[in-house]
Amino acid sequence: MSKTRKDAPADETAKNAQLLIKAGFIHKEMAGVYAYLPLGLKVVENIKQIVREEMNAIGGQELIMTGLQAQELWLSTDRWDDELVDIWFKTKLKNGADVGLAWSHEEPITNMMKNHVSSYRDLPSYVYQFQTKMRNETRAKSGIMRCREFVMKDLYSYSLTEKDHNKYYQKVMTCYHKIFERVGLDHITYPTFASGGAFTQFSHEFQTICDAGEDIIYVDEAKNIAINKEVFTDEVIAQLGLNKTDLVEKKAAEVGNIFSFGSTKSEQLGLYFDDKDGSQKPVILGSYGIGVTRLMGVIVEAFSDEKGIVWPENIAPYKVYLAALGEDAEVTEAANNLYDKLEAAGISVLYDDLEAHPGEKLNDADLIGLPYRVVVSKKTVSEGKVELKARNSEETTLVSADELLAKLKV
RNA sequence: CGGGGUAUGGCGCAGUUGGCUAGCGCGCCGCGUUUGGGACGCGGAGGCCGCAGGUUCGAGUCCUGCUACCCCGACCA
């Protein structure tokens, strides 16, 4: 297992970064750029898997685009110029050609779809990926919540008609609710009206209440809906049928976002299909993001206490933290046996079998924040039992190995 | 990009009006003792004091420039 530290690094003030670094989940390479250590990677993969399952459930097909992007595509949509998009990382090939490091994939993926869409029979099509985005932010901040390099899930929908698109858009809304429910954040996450674009008045963001967030939203808790400050006017409130007195101002972090492009980008990039009647029409495009690594940061912000992280079970890197206290042969043997049993039962275990004092192990258990802590010690061995404690509870119980398995299996 | 702050072993810090071989805690290595909430003894290893210039007999300490990092603001998934 990776090492924990007693002291938080002095150059981090964000709770998520302090805890994740202390507990050995991430490593800071530079401002806004973090490596994911074995524990952290497991969390990222768990989040991705939940998102992946829900994407697949609404017909998404996973693929992966490239990190290097050709300049010409972005010229054609007028998004290459630094004056218009100021977060580009740009570089050159040996032959002098300009390339950009991916900060979004809307252009390349839509351009690529020209190879796959030519008839109404080819639509709809829904594709998504998990990709590292590079954004040259003027100010990275809040640990892993606003990075220059981060993992994002982006889904793109290609629809025949506006009507089909709107249906799918609603489907994604529902799907996002499920995702945030599964990662444990649904109760503090609100679909939020935000500024739209050329085609729609609004886009939708999924905002999670979080002090470390960067957005101000106005929440109607009863209706489970919110308005982003950027479009918060009396007119909009009335238009959405909300009451100003029901709206509470909150700080929030944008964890997801869904957006309609209409046919603009398709027209710019030349993505058309032949309809039944032989006419050529532009494909209707939608784009749907979830910041995977940011989500991880928000989860840590939302689920932690003074002792450490409290991972929701669905995304915890392991289910159980197994600590053997003391160096007695019988304790070690009992712990080893228990570890084998748990593994055999398919329960993921982080086994702390290093030589360390009980206090260190117990503190590490709290800091790392796995859902369950199982302790094997002289005391428990003498009673033929083990001690079980949930991270989110103060209560410890002595149970037999079989009882433990039965409890954790659920 | 505006404003403010910081930079000294892996981590957290001290270092006086410029002065001897740059310290402390944690962590690390060795030996021994210890084991239910971050133990103890003894012995070790580890530093171009962010970088580059300058002042001085002498710079971690003073001056200039640069860089990195943090916070507030602007901007953004």
Side-chain angles (χ1 to χ4, degrees), chain A residues 2-14 17-18 21-22 24 27-33 82 84-88 102-106 130-155 176 192 194-195 203-208 212-215 228 230 252-259 287-298 306-308 323-328 331-332 352 354-367 373-382 386-387 389 394 396 398:
Chain A
S2 46
K3 269 195 177 180
T4 56
R5 307 181 186 178
K6 280 188 197 171
D7 297 309
D11 68 352
E12 295 282 6
T13 53
Q18 288 201 346
I21 290 172
K22 275 173 76 176
H27 163 77
K28 182 188 209 161
E29 196 62 31
M30 56 178 119
V33 180
D82 287 336
L84 299 165
V85 175
D86 65 355
I87 51 170
W88 271 115
W103 64 274
S104 160
H105 288 81
E106 285 155 1
F130 296 95
Q131 249 285 12
T132 300
K133 309 289 185 195
M134 306 286 198
R135 297 190 179 181
N136 201 346
E137 298 281 354
T138 45
R139 185 183 168 202
K141 57 180 280 203
S142 307
I144 61 170
M145 289 176 60
R146 181 171 177 184
C147 287
R148 300 205 165 92
E149 179 179 328
F150 60 95
V151 175
M152 182 171 154
K153 182 280 304 178
D154 38 331
L155 165 73
Y176 271 30
T192 304
S195 57
S203 67
H204 286 90
E205 297 171 340
F206 281 76
Q207 293 274 3
T208 303
E214 304 183 84
D215 289 291
N228 193 306
E230 66 190 15
E254 183 181 349
V255 289
N257 143 306
I258 68 181
F259 203 90
S287 150
Y288 316 81
I290 287 181
V292 172
T293 44
R294 171 182 287 180
L295 189 53
M296 175 172 167
V298 171
E306 61 295 339
K307 289 177 178 171
L325 303 189
E327 298 292 305
D328 293 284
V331 169
T332 306
D352 188 350
L354 298 172
E355 275 184 51
H357 272 71
E360 291 182 58
K361 295 191 178 186
L362 298 174
N363 280 317
D364 276 354
D366 289 336
L367 177 60
R373 183 187 86 188
V374 172
V375 168
V376 177
S377 69
K378 242 185 192 167
K379 188 177 98 188
T380 67
V381 168
S382 71
V386 299
E387 180 194 278
K389 176 184 171 298
E394 286 307 310
T396 61
L398 280 177

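All values below were derived from every heavy atom in this structure, side-chain atoms included, with hydrogens, water molecules and symmetry-related copies excluded. Residue numbering restarts at 1 for every chain, and letters A, B, ... go by the order of the sequence lines.
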If I pick the [atom1] atom on [M] and the same atom on [N], what distance separates them, to the nearest angstrom?
N     : M     : atom1 : value
B/G50 : B/U8  : C1'   : 10 Å
B/A52 : B/A68 : P     : 16 Å
B/G46 : B/G30 : P     : 16 Å
B/U6  : B/U16 : P     : 15 Å
B/C1  : B/C76 : C1'   : 14 Å
B/A14 : B/C24 : P     : 16 Å
B/G10 : B/U56 : C1'   : 35 Å
B/G53 : B/C48 : C1'   : 15 Å

Just the rounded figure in Å: distance from [atom2] of [N] to [atom1] of [X].
X      : N     : atom1 : atom2 : value
A/Q18  : B/C70 : CD    : P     : 12 Å
A/E12  : B/C71 : CD    : P     : 7 Å
A/I87  : B/A74 : CD1   : C1'   : 15 Å
A/D215 : B/C76 : CG    : P     : 10 Å
A/Q207 : B/C76 : CD    : P     : 13 Å
A/D364 : B/G27 : CG    : P     : 12 Å
A/R148 : B/C69 : CZ    : P     : 7 Å
A/L354 : B/G38 : CG    : P     : 18 Å

### Task
Indicate, yes or no, whether a donor-acceptor pair under 3.5 Å links the base of B/A77 to the side chain of A/S104.
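Side chain to base: no pair present.
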Is there a donor on the side chain of A/R146 or the base of B/C75 sitting less than 3.5 Å from an acceptor on the other?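 Yes.
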Side chain of [X]: nearest nucleotide among [options]?
X      : options             : result
A/T13  : B/C76, B/A77, B/C70 : B/C70
A/E137 : B/C70, B/G27, B/C76 : B/C76
A/T138 : B/A77, B/A74, B/G37 : B/A74
A/R139 : B/C75, B/C26, B/C1  : B/C1
A/N257 : B/C71, B/C76, B/A77 : B/A77
A/D366 : B/G38, B/C69, B/G37 : B/G37

Taking side-chain contact (heavy atoms from CB on, under 4.5 Å) as the definition, give me every residue that meets it alongside [X], ordered by chain and number, with sequence neighbours left out.
X      : result
A/T332 : A/N336
A/K307 : A/D305, A/D366, A/R391, A/E394
A/A194 : A/S203, A/E205, A/N228, A/E230
A/E360 : A/A356, A/H357

(request) Could you tell me whether A/E149 and A/R135 have a side-chain N and a carboxylate O separated by less than 4.0 Å? (result)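 No, no charged N to carboxylate O under 4.0 Å.
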What residues, two or more places apart in sequence or in another chain, satisfy salt bridge (Lys or Arg N to Asp or Glu O under 4.0 Å) together with [X]?
X      : result
A/D86  : none
A/R146 : A/E137, A/E214
A/K28  : A/D11, A/E12
A/D215 : none

- Query: Taking the side chain from A/T4 and the backbone from A/D364, do they hold a donor-acceptor pair closer than 3.5 Å?
  - Reply: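 No: the side chain of A/T4 does not pair with the backbone of A/D364.
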key: Enclosure of A/K378 NZ (heavy-atom neighbours >12, cutoff 6.0 Å)   =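 Open: at most 12 neighbouring heavy atoms sit under 6.0 Å from NZ of A/K378.
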Report task. Determine whether more than 12 heavy atoms belonging to other residues, nucleotides or ligands lie under 6.0 Å from atom CD of A/E327. Result ->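 Check passes, neighbour count above 12.
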(Q) Judged by each residue's nearest nucleotide on RNA chain B, which is more toward the 5′ side, A/E230 or A/K361? (A)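 Whichever sits nearer the 5' end wins; that is A/K361.
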Given Watson-Crick and G-U pairs under 3.5 Å, RNA chain B in dot-bracket ([ ] crossing, | other strand) is (((((((..((((.....[...)))).((((((.....)))))).....(((((..]....))))))))))))....
Contact string for nucleotides 29-36 of chain B, one letter per nucleotide 5' to 3', B = base within protein heavy-atom range under 4.0 Å, S = sugar-phosphate only, - = neither, reads -----BBB
Pull out every protein N or O sitting under 3.5 Å from an N or O of nucleotides 11-14 of chain B, one pair per line with the distance.
residue, atom, partner, partner atom, Å
B/G12, OP1, A/A10, N, 2.6

Fill in: Shortest non-hydrogen separation from A/Q18 to A/P9 and the atoms involved
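Reported closest heavy-atom pair: NE2-O, 4.5 Å.
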message = Please enumerate all residues that pass ring pair (Phe, Tyr, Trp, His ring centres under 6.0 Å) together with A/F206, with sequence neighbours excluded.
response =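 Counting only residues at least two positions away or on another chain, A/F206 forms a ring pair (Phe, Tyr, Trp, His ring centres under 6.0 Å) with A/Y176, A/H177, A/F180.
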Check your understanding: Is A/K28 touching bases, backbone alone, or none of the nucleic acid, heavy atoms closer than 4.0 Å?
Key ->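 Result for A/K28 = sugar-phosphate.
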